[in-house]
Structures are given as structure tokens and as C-alpha cells.
Amino acid sequence: MPSENERDQHVSAGAWAKRYYQTSQAVLESILRPYGLGPTQWYVLYHLAHEGPTKQRDLVRALRVERATMTGVVAALVRKGLVEQTPDPGDLRQKTLRLTEAGGELWTRLPDPIARILAVAFDGVSEGEQAQVARILRVATERLAHHLKEETPPS
């Protein structure tokens, strides 16, 4: 039988943050599925629609995904005709991504899944409370990242 401390860990802020993330990802996927897009594909389109042409390596950093993951996501978007990938004139090993006309048209038709998720999840929650939740999670994340950096030996 789990101890009281073990039970408390499963209702902790961290446990709820994980459950919120998993559930919001499931909602995100269900909103995008009719458009044939996955969440990372949507984030790439979002970035290109708002920031304009971007080097693929910069998207890897901005979206915090593995380079191999980004390669597959971009390849799928190129196959669908939504993104154009061109060699960077300054460094032919690097690729610059931009929305195609079809990608731009799709973007204008897509619902904003993040706005929908936030509207449902935080209905009736004040902006102040939402800001407090975000601040607490940001600080906790920063502390853990700092702790991890201190605990990880240099390679």
C-alpha cells in the first residue's frame, strides 16, 4: 500500500502539470487531425507564419526538438506542399524554410488550437490567477534546469 507521501506526490503540482500537458496535447492533436497536421508541424507553420523565413537549425532551437525530429517534420511539410526548403546562400549546408502559397492559405483557415485549449482550460480563471500559475511553473522549471546544470558533470 502506498504511503501518504507517495499518494501526495501523485496530486502534486508537478503531477498536475504533467497531466495538463498530456491532456492539452491530446486536445491539440484532435483539433489538428482534420487538417492532416501534428502538433510539431503546427508549431513550425506558426513560427513561419509569424516570423517569416527561418533557418531550419534556428527552428530546432526555438521549438526545442531534436534535429532528427525536425528533419522528419519538415520533410512531411515539404511533401504536403506547405513549406519550401531552400539552401541558405551563405552556407549551402543550412536550409531556410518558408511557407508556400498553399501553406499560407492553410494557415489562414486553421483554427488556433492554443487559444481553444486556453479558453476551455481556464474558463472562469482570472488573468491574475493564470499569471500566478505561469509564474510558479516558470520559476520551478528554471530552478530545476539550474539544478540539473549543476548536477550534470561536463562531458
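If you read the sequence from its start, that first residue is 1, and numbering goes on from there.
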Engineer: Considering non-hydrogen atoms only, spot the tightest contact between L48 and L97 and give its length.
Structural biologist: CD2-O, 3.5 Å
Engineer: Would a hydrophobic clustering, with Ile, Leu, Val, Met, Phe, Trp and Tyr connected at side-chain separations under 4.5 Å, put I114 with V73?
Structural biologist: yes
Engineer: In this structure, are over 12 heavy atoms from other groups packed under 6.0 Å from R61 atom CZ?
Structural biologist: yes
Engineer: Measure across M70 and V44 and return the closest heavy-atom pair with its distance rounded to 0.1 Å.
Structural biologist: SD-CG2, 3.9 Å
Engineer: Judged by atom type as modelled, is there a donor-acceptor pair below 3.5 Å linking the side chain of T69 to the main-chain atoms of V65?
Structural biologist: no
Engineer: Is the closest side-chain heavy-atom distance between R116 and P111 below 4.5 Å?
Structural biologist: yes
Engineer: Is the distance between the ring centroids of H50 and Y46 under 6.0 Å?
Structural biologist: yes
Engineer: Where the side chain of Q130 meets the backbone of V125, is there a donor-acceptor pair that is under 3.5 Å apart?
Structural biologist: yes
Engineer: Does K80 form a side chain to side chain contact (heavy atoms under 4.5 Å, CB included) with L106? I'd like the steps, not just the answer.
Structural biologist: CA-CA 11 Å; K80 294 175 184 182; L106 175 63; over 6 Å; no
Engineer: Could you give the distance from OG1 (T71) to CD (Q85), rounded to the nearest 0.5 Å?
Structural biologist: 8.0 Å
Engineer: Taking L28 as the starting point, is it possible to reach L118 by hopping between hydrophobic residues whose side chains are less than 4.5 Å apart?
Structural biologist: yes
Engineer: When rounded to the nearest 0.5 angstrom, what is the spacing between NZ in K149 and CG in L144?
Structural biologist: 14.5 Å
Engineer: Could you go through R109 and E105, starting from their C-alpha distance and side-chain angles, then the distance that decides it, and tell me whether this counts as salt bridge (Lys or Arg N to Asp or Glu O under 4.0 Å)?
Structural biologist: CA-CA 7 Å; R109 291 190 331 244; E105 288 173 10; 5.4 Å; no
Engineer: Show the nearest heavy-atom pair for residues S30 and V27, with the distance to one decimal.
Structural biologist: OG-O, 2.8 Å
Engineer: If two hydrophobic side chains count as joined below 4.5 Å and joins carry through other members, does W16 share a cluster with I117?
Structural biologist: no
Engineer: Do you know the tightest heavy-atom contact between T100 and V83?
Structural biologist: CG2-C, 3.6 Å
Engineer: Looking only at side chains, do E150 and H146 share a donor and an acceptor under 3.5 Å apart?
Structural biologist: yes
Engineer: Does L37 belong to the same Ile/Leu/Val/Met/Phe/Trp/Tyr cluster as L63, with side-chain heavy atoms less than 4.5 Å apart forming each link?
Structural biologist: yes
Engineer: E51 and T54: side-chain donor and acceptor closer than 3.5 Å?
Structural biologist: no
Engineer: Indicate yes or no for a side-chain donor-acceptor contact from Q41 to the backbone of G38 under 3.5 Å, with no hydrogens or angles considered.
Structural biologist: yes
Engineer: Rounded at 0.5 Å granularity, tell me how far CD in E66 sits from OG1 in T40.
Structural biologist: 11.5 Å
Engineer: Could you tell me whether the side chain of S24 and the main chain of Y21 form a donor-acceptor pair under 3.5 Å?
Structural biologist: yes
Engineer: What are the two closest heavy atoms between V74 and Q56, and how far apart are they?
Structural biologist: CG1-OE1, 3.8 Å
Engineer: Considering all heavy atoms of both residues, which atom of T96 and which atom of P53 are nearest to each other, and what is their separation?
Structural biologist: CG2-CB, 4.0 Å
Engineer: Would you compute the distance between atom CG of L110 and atom CG of L45 and round it to the nearest 0.5 angstrom?
Structural biologist: 7.0 Å
Engineer: Give a yes or no on this: more than 12 heavy atoms of other residues, nucleotides or ligands lie within 6.0 Å of atom CD of E142.
Structural biologist: yes
Engineer: Please work out which of the three classes, parallel, tilted or perpendicular, describes the rings of W42 and W107, given edges at 30° and 60°.
Structural biologist: tilted
Engineer: Taking D88 first and then K55, would you say they form a salt bridge - that is, a charged N and a carboxylate O separated by under 4.0 Å?
Structural biologist: yes
Engineer: Would one find more than 12 heavy atoms of other residues, nucleotides or ligands at under 6.0 Å from atom CD of Q22?
Structural biologist: yes
